[in-house]
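Notes follow once the structure below has been shown.
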Amino acid sequence: HSRAVCWGALLINLLGFDQNKVNHDVGKMFKQEQTQQVYEQLPEPKLVWKHFLQIVETPNGSGQMGPIQQHIRNLVSELNAQGKNLEIEEDPTGNIMIRKPASPGFEDRPWICLQGHMDMVCEAVPGLEFDFETQPLLPRIVDDDKLMATGTSLGADNGIGAALAIAILEDPNIQTGPVEVLLTVDEETSMVGAQNLQPGFLRSKKLINLDSEEDWRICIGCAGGFDTITSLPIEREAAGAGHTLVTLEFAGLQGGHSGAEIECHRGNGIKLMGRLLTQAIRDKFAARLADLTGGSKMNVIPYNCRAQVAVPDGEVAAFEADVQATFAVIQAEHKTAEKDLVLKPATKAPCDPTLSVATAAATQRCLDLIMVTPHGVLRMSPDVAGLVQTSTNLAKVAMEGDKIVTRNLSRSSSNTELPFVSDQLCSLARLVGAECSEMRDSYPGWNPNPSSELLAVARAAFIEVMGKEPEIYAIHAGLECGMFQSTYPDLDCISIGPYMIEVHSPKETLFFKGVPKVYEMLCKLLREIH
């Protein structure tokens with residue numbers, strides 16, 4: 001769950017979001033009246049928006065696949081009751097495959113797979129109490145061309161991709177050979193659905209991934225990645241008498257996708273808090289860490305970090321002044337990329353003398369770990385201008401009993417550089433006396449194939465529908481195509497999708513006026529595949 005209180009809830013109420021108001025009288029299509037109103041304002045093809053908004057109203061956070069899987073099962077049953085003759089199959093991991101027979105006259109065409117994932121990254125604005133496991137998201141239209149949720153991430157990554165594929169299954173006007181729609185589980189966390197796809201589950205030799213976010217481009221490659229957990233033992237002691245517990249917390253950091261937006265040089269709340277406390281504590285004050293927590297999801301640049309520090313009563317004023325001076329420097333350095341960055345007013349309370357805090361030496365080691373752990377772009381591609389080749393995201397930190405634990409998500413379009421980054425992180429861990437996991441939840445990159453037959457057909461369809469040449473590119477984010485090709489080495493893949501920004505955040509925005517052209521291109525592409 002994502003839970004908080006106070007001003008965020010007020011903000012959402014001002015936007016018109018009554019979390020308890022769920023309209024069960026909006027026919028059978030939507031749960032909320034506002035969703036119906038949004039649907040009526042969106043352009044054709046309405047089939048796409050029907051399916052997308054139903055996904056928006058269905059809980060589908062990573063690791064909580066039950067509701068969306070049941071929604072898909074029910075949908076296939078409804079379509080078959082209308083004579084669609086769809087076949088549905090599930091594998092042991094929870095991936096769902098839906099197969100549609102060929103249109104009349106297209107029976108000799110080969111199978112083609114449309115693929116998306118069922119899960120989303122659940123993020124809410126600070127201060128909003130929202131239960132992603134039970135509550136429907138509330139969509140809204142902004143500035144006449146943007147579709148957003150109210151106070152939360154929208155789930156257009158990858159709900160709109162799934163909706164495009166499902167619309168193809170229902171569309172009575174589509175002409176295509178046999179189509180299979182593959183919807184995978186937990187792409188946003190472990191890619192376990194793609195990782196466990198078994199031989200024989202996929203009939204197609206060509207696959208169109210619908211998880212891209214720029215409608216003027218066709219993606220033909222992506223980065224691989226892995227997680228790392230570093231655990232540093234720390235000594236604790238009682239705070240003792242005569243201390244004040246000072247709480248420091250940032251607000252206003254943008255966060256964002258740790259692959260697609262790692263090159264934007266946005267502030268990492270964990271790294272900034274490490275710098276702030278290092279500057280304030282080292283050789284100045286006898287302050288000790290009571291708690292340090294930051295980050296939310298592995299694939300999100302941390303936009304939050306909270307520290308609790310036990311400060312001697314006589315040093316509190318000077319400690320606060322030093323913190324403010326250091327923050328002013330940080331704020332000035334980030335004025336372009338993080339114009340809304342603020343340090344919340346410090347909260348102070350008498351410290352319980354029995355409160356467990358890190359010793360002074362352990363406090364310093366904790367901060368040293370944060371300071372030296374890499375974050376951001378590690379190498380740009382020497383072959384593709386402007387492409388990040390290798391990066392790492394210091395995604396989470398937490399003090400857990402007698403240890404402090406950090407978690408990194410590293411990515412690279414070079415499969416040989418991934419173990420090198422792992423070795424670097426493990427070497428760092430040994431230097432500071434920590435334990436480091438090997439490459440966890442690793443997934444391979446997707447190597448570009450500019451000579452792809454599918455790409456040639458897609459490029460022609462793009463030119464006819466969009467009236468211009470597409471950009472052909474590879475992305476630093478992770479897509480599932482590399483894993484699919486591990487099981488199906490001859491699988492020909494491309495990735496397309498409508499334009500969206502700020503995914504994995506409450507600012508997630510889908511530019512809905514471009515969706516009809518993407519659907520038109522997809523329909524034409526399916527017609528032309530032989």
Side-chain angles (χ1 to χ4, degrees), residues 187-192 194-195 219-232 256-266 268 270-271 274 294-295 297-302 365 368-397 404-450 473-487 489 493:
E187 185 269 355
E188 298 290 5
T189 50
S190 63
M191 290 200 179
V192 65
Q195 188 174 27
C219 184
I220 61 170
C222 74
F226 67 93
D227 297 347
T228 303
I229 300 177
T230 301
S231 178
L232 175 67
H257 193 294
S258 67
E261 288 157 333
I262 198 72
E263 63 190 279
C264 299
H265 306 293
R266 295 178 177 178
N268 178 317
I270 298 170
K271 295 290 287 185
K297 307 290 192 305
M298 291 299 292
N299 52 8
V300 175
I301 299 169
R365 288 200 304 276
D368 287 345
L369 176 61
I370 299 301
M371 290 291 284
V372 300
T373 299
H375 169 82
V377 176
L378 301 179
R379 189 184 186 204
M380 298 298 291
S381 171
D383 304 312
V384 182
L387 175 66
V388 177
Q389 177 153 303
T390 306
S391 74
T392 189
N393 177 43
L394 175 53
K396 294 183 180 183
V397 65
I404 182 170
V405 179
T406 61
R407 289 172 165 83
N408 276 64
L409 170 57
S410 304
R411 306 175 189 261
S412 183
S413 52
S414 166
N415 286 333
T416 60
E417 284 190 17
L418 288 171
F420 173 59
V421 176
S422 177
D423 288 343
Q424 285 183 301
L425 293 170
C426 290
S427 296
L428 167 67
R430 286 191 294 270
L431 284 172
V432 299
E435 296 181 355
C436 178
S437 69
E438 298 297 329
M439 298 169 65
R440 299 177 69 256
D441 296 328
S442 63
Y443 54 93
W446 166 28
N447 293 321
N449 178 17
Y473 77 112
I475 192 172
H476 188 58
L479 295 170
E480 294 167 291
C481 299
M483 280 195 168
F484 297 147
Q485 289 180 338
S486 296
T487 306
C493 303

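Here the structure is a predicted model, which is why all the values come from computation and not from measurement.
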Inset, instruction - Look up atom CG in Asn449 and atom SG in Cys493, then write down how far apart they are to the nearest 0.5 Å. - result: 10.0 Å
Legend entry - Any Leu425 side-chain heavy atom under 4.5 Å of Pro374 side chain: yes
Legend entry - Candidate list Arg379, His476, Glu417, test side chain to side chain donor-acceptor pair (under 3.5 Å), partner Thr390, passing option: Glu417
Inset, instruction - Report the distance from atom CG of Leu378 to atom OG of Ser410, rounding to the nearest 0.5 Å. - result: 7.0 Å
Legend entry - Partner of Ile262 under side chain to side chain contact (heavy atoms under 4.5 Å, CB included), chosen from His375, Arg411, His257: His375
Inset, instruction - Could you tell me whether the side chain of Tyr473 reaches within less than 4.5 Å of the side chain of Leu387, counting heavy atoms only? - result: no
Inset, instruction - Return the minimal non-hydrogen interatomic distance between Thr230 and Cys436, and the atom names on each side. - result: OG1-SG, 4.1 Å
Legend entry - Side-chain donor-acceptor contact under 3.5 Å, Thr392 with Asn408: yes
Inset, instruction - Ignoring hydrogens and angles, tell me if any N or O in the side chain of Asn393 forms a donor-acceptor pair with the backbone of Val300 under 3.5 Å. - result: yes
Legend entry - Shortest non-hydrogen separation from Pro302 to Ala395 and the atoms involved: CG-O, 3.3 Å
Legend entry - Interatomic spacing from CD1 in Ile301 to CG in Leu394 - rounded to 0.5 Å: 11.5 Å
Legend entry - Closest non-hydrogen atom pair between Thr373 and Lys271, with its separation: O-NZ, 2.7 Å
Legend entry - Euclidean distance, Asp383 CG relative to Ser413 OG, rounded to 0.5 Å: 8.5 Å
Legend entry - Donor-acceptor contact below 3.5 Å, side chain Ser486 vs main chain Gly482: yes
Legend entry - Chi angles and distances behind the salt bridge (Lys or Arg N to Asp or Glu O under 4.0 Å) call for Glu188, Lys297: CA-CA 9 Å; Glu188 298 290 5; Lys297 307 290 192 305; over 6 Å; no
Legend entry - Asp441 (side chain) donor-acceptor with Met191 (main chain) under 3.5 angstrom: no
Inset, instruction - State whether the side chain of Asp227 and the backbone N or O of Met298 hold a donor-acceptor pair below 3.5 Å, judged by distance alone. - result: no
Inset, instruction - Starting at CG of Leu431, measure out to SG of Cys426 and round the result to the nearest 0.5 Å. - result: 11.5 Å
Inset, instruction - For Ser412 and Gln389, indicate whether the former's side chain and the latter's backbone hold a donor-acceptor pair under 3.5 Å. - result: yes
Inset, instruction - Looking only at non-hydrogen atoms, find the nearest pair between Ile475 and Cys219 and report the distance. - result: CG2-SG, 3.8 Å
Inset, instruction - Enter the distance from Glu187:CD to Leu479:CG here, rounded to the nearest 0.5 Å. - result: 7.0 Å
Legend entry - Distance-minimising heavy-atom pair for Ala223 and Tyr443: O-CE1, 3.6 Å
Legend entry - Ser442 and Leu418, any side-chain heavy atoms less than 4.5 Å apart: no
Inset, instruction - Looking only at non-hydrogen atoms, find the nearest pair between Met439 and Pro419 and report the distance. - result: SD-CA, 3.9 Å
